[in-house]
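Index from 1, following the sequence.
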Amino acid sequence: MVLKRKKKQTVKGTTSRHLITDKLPKSPISEQYRTIRTNIQFSFVDTEMRSIMVTSSGPAEGKSTTACNLAVVFAQQGKQVLFVDADLRKPTAHYTFQQDNFKGLTTFLTRQSEFKDSIGATKIANLDVMTSGPIPPNPAELLSSRAMEDLLAKAYEEYDIVIFDTPPVLAVTDAQLLANQCDGTVLVVASGTTEKENAEKAKEMLDSAKAKLLGVVLNMKKQKDSSYYYYYGGK
């Protein structure tokens, strides 16, 4: 999957990780997110898709922006979507969706809050968010706990699809621990930034964690001419 853009776009009144699919739903970039959504759905022709994990090989490659906008386009399709900020190192969802972060994933996993109390409604129809909650000293242990299995079971009762934003694969083990609990994984890489060796190693690590890699989103690709096009590539 390739996400191309002519230049960085800004939207008044939003954060740096703005939800272009919500603010500018008819833009070419929003259409590309819908194309990625469609390609993901085609990957689940014979099985039911309930959870997707979005990660990257390294930092600043656009994984959180991709994850948030994917959540929006699934919600726009009429699906009940829960976005979970599982990046317990550098969480951003509370900024993007303008939520407080007193309760969330970490308070649920440590039994300090109930499932419904850990979730906030967004201004986008059909889309709720579970922020990270307070940053813990032991993120990896929390993500691999039995409580995470409980979270997924409860989420599947209430939502059609759960989308997780996780830390970069090469930085920490968090994404690997969560990968085999999700139905599919999307790897985000940045054009001109991500080194080929790092992308390959990230894929190898996801494979070793028994992740179902759905494909790769090539982000920040500059378009050389005025035409609009996209390319999709699987694993």
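- When hydrophobic clusters are built by joining Ile, Leu, Val, Met, Phe, Trp and Tyr residues whose side-chain heavy atoms come closer than 4.5 Å, directly or via intermediates, V188 is not grouped with V172.
- At a threshold of 4.5 Å between side-chain heavy atoms, the hydrophobic network of Ile, Leu, Val, Met, Phe, Trp and Tyr places L24 and L127 in one connected group.
- One distance of note links CD1 of I163 with CG of D85; it measures 13.0 Å at 0.5 Å rounding.
- Looking only at side-chain heavy atoms (C-beta outward), F108 and D117 stay at 4.5 Å or farther from each other.
- Judged as a side chain to side chain contact (heavy atoms under 4.5 Å, CB included), and not counting sequence neighbours, the contacts of E141 are N138.
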Steps toward side-chain contact (heavy atoms from CB on, under 4.5 Å) verdict (F97, L19): CA-CA 9 Å; F97 293 103; L19 298 173; 3.7 Å; yes
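- A chain of hydrophobic side-chain contacts below 4.5 Å, direct or via other Ile, Leu, Val, Met, Phe, Trp or Tyr residues, connects M130 to Y159.
- A side-chain donor-acceptor contact under 3.5 Å links E61 and T194.
- Residues D183 and R50 come closest through the heavy atom pair OD2-N, 2.7 Å.
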May I have the step-by-step check of side-chain contact (heavy atoms from CB on, under 4.5 Å) for D100 and H94, ending in yes or no? CA-CA 6 Å; D100 66 55; H94 54 294; over 6 Å; no
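- Taking both residues in full, the closest heavy atoms of K63 and S56 are given as CD-OG, 3.5 Å, listed atom of the first, atom of the second, then distance.
- Between the CG atom in L218 and the OG atom in S191 there is a gap of 5.0 Å [rounded to 0.5 Å].
- Between the side chains of S30 and T21, no donor-acceptor pair of N or O atoms lies under 3.5 Å.
- When all heavy atoms of S118 and T107 are compared, the pair lying nearest together is OG-OG1, 4.1 Å.
- T96 contributes no side-chain N or O that, together with a main-chain N or O of A93, makes up a donor-acceptor pair within less than 3.5 Å.
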Would L187 and T55 satisfy side-chain contact (heavy atoms from CB on, under 4.5 Å), going step by step from the backbone distance to the final call? CA-CA 5 Å; L187 178 65; T55 188; 4.1 Å; yes
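- Side-chain contact between I119 and V129: absent, with no pair of heavy atoms (C-beta onward) separated by less than 4.5 Å.
- When the side chains of ILVMFWY residues are joined at heavy-atom separations under 4.5 Å, either directly or via intervening members, L177 and L170 end up in two distinct hydrophobic clusters.
- Contact record, V169 with A202: CG1-O, 4.0 Å, taken as the closest heavy-atom pair.
- A heavy-atom distance below 4.5 Å is found between the side chains of S27 and I20.
- Counting non-hydrogen atoms of other residues, nucleotides and ligands closer than 6.0 Å to CD of E195 gives a total of 12 or fewer.
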Salt bridge (Lys or Arg N to Asp or Glu O under 4.0 Å) between D150 and R146, intermediate numbers included: CA-CA 7 Å; D150 186 33; R146 293 284 296 272; over 6 Å; no
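- Between F83 and F164, the ring centre distance reaches or exceeds 6.0 Å.
- With rounding to the nearest 0.5 Å, the separation of CG in L206 from CG in L213 is 6.0 Å.
- Using a 4.5 Å heavy-atom cutoff, the side chains of N69 and V73 are not in contact.
- In terms of modelled atom types and a separation under 3.5 Å, the side chain of Q41 and the main chain of I36 share no donor-acceptor contact.
- When side chains are defined from C-beta on, V81 does not count as touching V72, because their heavy atoms never get closer than 4.5 Å.
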Could you please spell out the steps behind the side-chain contact (heavy atoms from CB on, under 4.5 Å) verdict for T47 and K212? CA-CA 12 Å; T47 57; K212 180 180 179 181; 4.3 Å; yes
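- A donor-acceptor pair shorter than 3.5 Å cannot be found between the side chains of D87 and S132.
- By the 4.0 Å N-to-carboxylate-O rule, K90 lies too far from D165 to be salt-bridged with it.
- Looking at Q80 and D160, their side chains never bring a donor and an acceptor atom within 3.5 Å of each other.
- Applying the ring pair (Phe, Tyr, Trp, His ring centres under 6.0 Å) test to residues at least two apart or on different chains, none of the pairs has a partner in residues 38-82.
- Between the side chains of D174 and T166, no donor-acceptor pair of N or O atoms lies under 3.5 Å.
- Between the OG1 atom of T185 and the CE atom of M53 there is a distance of 4.0 Å, given to the nearest 0.5 Å.
- Residues satisfying the side chain to side chain donor-acceptor pair (under 3.5 Å) criterion with Q112, sequence neighbours excluded, are T110.
- Around atom CD of E114, no more than 12 heavy atoms belonging to other residues, nucleotides or ligands sit under 6.0 Å away.
- Among all heavy-atom pairs drawn from N180 and A209, the shortest one is CB-O, 3.3 Å.
- Residue F115 comes nearest to L151 through the heavy atom pair CE1-O, 4.1 Å, listed as atom of the first residue, atom of the second, then distance.
- Considering CZ of R34 and CD of Q77, their distance stands at 10.5 Å, rounded to 0.5 Å.
- Put simply, CG on N219 and OG1 on T65 are 7.5 Å apart, with the number rounded to the nearest 0.5 Å.
- By the rule that hydrophobic residues join a cluster once side-chain heavy atoms approach within less than 4.5 Å of another member, I135 and M148 end up as members of separate clusters.
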